[in-house]
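Data block below; observations after.
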Amino acid sequence: MATEEYIEECLTRAQQTIDRALTELMEVKMIRENDPTEFAFAQKELDEIQSEIDVLVKDNDSTNSQLLEAQARLNEVREIMIKGI
């Protein structure tokens, strides 16, 4: 089972990744329609943090509501990114 400190750090990284991904989505839509390089990187980061959160949820028997919320939010943002461009 992961430590509380590690879970908090992972949740912080998840939120930062979500924020960056949504920023990249807006920039791709408004500014760089023909240059989605950073957008692809943001999607990759979302996938990586999603995998990490999924492991934490599984290892903690889905008892941490913050982890479950982060997992749901990551799924939502990934879907937005896929449909967004």
Side-chain angles (χ1 to χ4, degrees):
M1 186 181 269
T3 66
E4 283 296 318
E5 184 177 306
Y6 176 71
I7 290 172
E8 286 299 319
E9 186 265 333
C10 192
L11 289 169
T12 299
R13 284 189 297 118
Q15 185 58 52
Q16 291 170 344
T17 302
I18 288 169
D19 293 343
R20 269 194 313 277
L22 292 175
T23 298
E24 287 304 322
L25 175 62
M26 294 308 294
E27 287 182 7
V28 164
K29 289 181 128 186
M30 295 175 9
I31 301 168
R32 301 179 303 202
E33 291 184 21
N34 297 321
D35 183 20
T37 306
E38 291 296 319
F39 182 82
F41 181 72
Q43 283 185 306
K44 181 179 180 289
E45 284 185 312
L46 281 172
D47 290 343
E48 290 170 355
I49 195 71
Q50 177 77 51
S51 296
E52 196 168 343
I53 292 286
D54 288 346
V55 168
L56 286 173
V57 167
K58 182 180 176 192
D59 289 350
N60 287 283
D61 299 323
S62 303
T63 56
N64 187 315
S65 64
Q66 289 178 305
L67 285 173
L68 293 172
E69 185 178 317
Q71 185 181 45
R73 183 75 174 123
L74 284 164
N75 284 329
E76 178 184 324
V77 171
R78 289 174 70 213
E79 287 296 316
I80 290 169
M81 298 285 284
I82 291 168
K83 295 175 184 175
I85 61 170

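Hydrophobic clustering (ILVMFWY, side-chain heavy atoms < 4.5 Å, transitive): V55 and I18 are in distinct clusters.
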Take N75 and E79 through the side-chain contact (heavy atoms from CB on, under 4.5 Å) test and state the conclusion after the steps. CA-CA 6 Å; N75 284 329; E79 287 296 316; 5.7 Å; no
Could you go through L67 and I53, starting from their C-alpha distance and side-chain angles, then the distance that decides it, and tell me whether this counts as side-chain contact (heavy atoms from CB on, under 4.5 Å)? CA-CA 7 Å; L67 285 173; I53 292 286; 4.0 Å; yes
Starting from the C-alpha separation in whole Å, work towards a yes-or-no answer on side-chain contact (heavy atoms from CB on, under 4.5 Å) for Q15 and D19. CA-CA 6 Å; Q15 185 58 52; D19 293 343; 2.8 Å; yes
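The local environment of CD in E5 is sparse, with at most 12 non-hydrogen atoms from other residues, nucleotides or ligands closer than 6.0 Å.
Interatomic distance, NZ of K58 versus CD of Q71, reported as 12.5 Å (0.5 Å rounding). Once rounded to the nearest 0.5 Å, the distance linking CD of E8 with CG of N64 reads 7.5 Å. Between atom CZ of residue R73 and atom CD1 of residue I80 there is a gap of 6.0 Å, rounded to the nearest 0.5 Å. The structure places CD of Q16 at 6.5 Å from CZ of R20, a figure rounded to the nearest 0.5 Å. Between the CD atom of E76 and the CG atom of L22 there is a distance of 8.5 Å, given to the nearest 0.5 Å. Expressed to the nearest 0.5 Å, how far NZ of K44 lies from OG1 of T17 amounts to 11.0 Å.
Taking the side chain to side chain contact (heavy atoms under 4.5 Å, CB included) definition, one finds that E69 meets it with nothing, sequence neighbours left out. Here Q43 pairs with F39, M81, I82 under the side chain to side chain contact (heavy atoms under 4.5 Å, CB included) rule; sequence neighbours left out. When the side chain to side chain contact (heavy atoms under 4.5 Å, CB included) test is applied to D47, the partners found at least two apart in sequence or on another chain are R78.
Residues A21 and A42 approach most closely at CA-CB, 3.8 Å, considering heavy atoms.
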